[in-house]
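Shown next, in structure tokens, is the structure this report addresses.
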Protein chains: 2
Amino acid sequence: MEFSSKLLEKAVNEMAQLPGIGKRTALRLVLHLLKQPKEQTQLLASALTQLREDIRFCSRCHNISDEEICYICSNPAREQSVVCVVEDIRDVMALENTGLYKGLYHVLGGKISPIDGVGPSQLNIPSLVEKVKSGAVKEIIFALSSTMEGDTTNFYIYRQIKDSDVIVSAIARGIAIGDELEYADEVTLGRSILHRIPFENAIKNS
Amino acid sequence: MEFSSKLLEKAVNEMAQLPGIGKRTALRLVLHLLKQPKEQTQLLASALTQLREDIRFCSRCHNISDEEICYICSNPAREQSVVCVVEDIRDVMALENTGLYKGLYHVLGGKISPIDGVGPSQLNIPSLVEKVKSGAVKEIIFALSSTMEGDTTNFYIYRQIKDSDVIVSAIARGIAIGDELEYADEVTLGRSILHRIPFENAIKNS
């Protein structure tokens with residue numbers, strides 16, 4: 001792609017570094033900004049810079065936070081002894097949206113994935129193990145995605161905490177609400193019949 | 001969407017102002033930036049700000065340019081008397097990529113579109129008409145997309161210059177190279193048989 005302006009080329013190249021944004025899309029976005037008032041570009045640029053400079057991670061759960069301790073960890077109404085282990089902050093947001101979970105979180109920052117070069121040392125695993133060993137945690141809930149990497153990560157953590165006096169659970173897998181049985185994959189359907197629950201429990205939160 | 005950080009929320013909201021970027025995508029992009037070195041965010045922010053502050057438009061053809069006159073208009077090797085009328089700078093880039101056009105351009109900055117509130121006064125039409133009336137132009141080539149808006153814009157300009165001593169042409173419409181006739185739409189196929197060209201011309205640039 002040949003550009004008539006070095007400034008334009010630089011902006012497009014930087015924009016195209018973002019995941020899922022190719023050069024053509026980057027050009028479209030940059031040309032859009034050029035048609036908008038200057039203020040919009042300034043607001044975008046300063047919001048990104050400020051975020052990158054001032055962002056903090058909760059020292060307890062590693063969630064993104066403006067404070068030393070995030071609003072979930074510092075909320076006395078939450079069950080401090082239940083910790084849900086998730087991959088990243090998007091999972092925290094998804095679980096918070098349900099409004100049904102009242103415990104705390106622990107954000108790993110990824111999953112163990114040798115192919116992508118992510119080992120246990122790059123994840124927030126030691127602080128989780130420490131938390132469990134300190135005896136402050138009664139239950140650990142694994143809520144990683146059920147992929148090879150998610151399962152590996154669950155098992156790696158489980159081996160380190162299984163001797164502690166902690167309940168280890170995992171979120172329920174099964175047929176999604178509204179899905180047709182005939183289109184469900186066999187593994188999920190098989191698990192959903194094996195791990196069936198009392199009907200009274202099933203209708204409790206519906 | 002509830003965010004655990006005001007900084008994050010601001011960055012996501014600004015990012016989601018871009019066309020085709022929803023809140024979820026914006027969050028994914030912003031979280032990606034957080035995982036990268038600080039420099040990447042700084043480079044992106046400064047490239048965008050600098051572009052928006054310092055960008056100039058060629059005073060002759062309205063193409064984006066770092067100089068008063070763009071590199072195409074100031075190139076003495078280009079045919080100064082042939083002007084191709086395009087919608088925006090992406091079209092200039094596409095035509096330049098062919099390597100076959102040696103004339104100049106005139107970037108309108110859009111098409112006449114009453115539905116989107118774009119009238120002739122928002123486009124770079126007066127400077128084009130002036131250029132033609134000054135007598136410096138021998139040929140005008142319309143290269144707008146063949147939509148209702150494109151045709152309207154072509155016709156609007158044509159009415160203002162048709163009394164001048166200028167050749168007015170339009171880029172060829174027809175079956176794209178490599179396309180199967182049976183899948184072509186009727187209008188295109190009909191035009192391509194009406195506007196057939198001598199076979200010797202057809203094989204000249206293939």
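Given the structure is predicted, the values throughout are model-derived calculations rather than measurements. Naming convention: chains lettered A, B, ... in sequence-line order (proteins, then strands); numbering from 1 in each chain.
Partner of V30(B) under the side-chain contact (heavy atoms from CB on, under 4.5 Å) criterion, out of I55(A), I64(A), L18(A), L51(A): L51(A) alone.
Within 6.0 Å of atom CZ in R191(A), 12 or fewer heavy atoms from other residues, nucleotides or ligands are found, so the atom counts as exposed in its surroundings. More than 12 heavy atoms of other residues, nucleotides or ligands lie within 6.0 Å of CZ in R28(B), so this atom counts as buried by the packing criterion. Environment of CZ in R24(B): sparse, with no more than 12 heavy atoms of neighbouring residues, nucleotides or ligands closer than 6.0 Å. More than 12 heavy atoms of other residues, nucleotides or ligands lie within 6.0 Å of CD in Q17(A), so this atom counts as buried by the packing criterion. Environment of CG in D165(B): sparse, with no more than 12 heavy atoms of neighbouring residues, nucleotides or ligands closer than 6.0 Å.
Separation of atoms OG (S4(A)) and CD1 (I89(B)) is listed at 4.5 Å; rounding is to 0.5 Å. The CG atom of L8(B) sits 9.0 Å away from atom CG of N63(A), with the distance rounded to the nearest 0.5 Å. Expressed to the nearest 0.5 Å, how far CD of Q50(B) lies from NZ of K10(A) amounts to 4.5 Å.
When each of M93(B), K38(B), H32(B) is checked for heavy-atom pairs under 4.5 Å with chain A, K38(B) comes out on top. Put simply, of C70(B), S5(B), C58(B), S65(B), the one with the most heavy-atom pairs under 4.5 Å next to chain A is S5(B). Between chain A and the residues M15(B), Q42(B), E67(B), E14(B), the largest count of heavy-atom pairs under 4.5 Å involves E14(B). For the set L48(B), L34(B), L29(B), the count of heavy-atom pairs under 4.5 angstrom toward chain A peaks at L34(B). Among R56(B), K35(B), Q40(B), E96(B), the residue making the largest number of heavy-atom pairs under 4.5 Å with chain A is Q40(B). Annotation: maximal heavy-atom pairing with chain B below 4.5 Å, among L27(A), T49(A), L43(A), occurs at L43(A).
Put simply, the side chain of R52(B) gets close to the backbone of L33(A): a donor and an acceptor are under 3.5 Å apart. With hydrogens and angles ignored, the 3.5 Å screen pairs a side-chain donor or acceptor of D66(B) with a backbone N or O of K6(A).
Only the side chain of I21(B) comes within contact range of chain A, judged by heavy atoms closer than 4.5 Å. Contact of Q36(B) with chain A is made through the backbone alone, with heavy-atom distances under 4.5 Å.
Shortest non-hydrogen contact noted between A47(B) and A11(A) is CB-CA, 3.9 Å.
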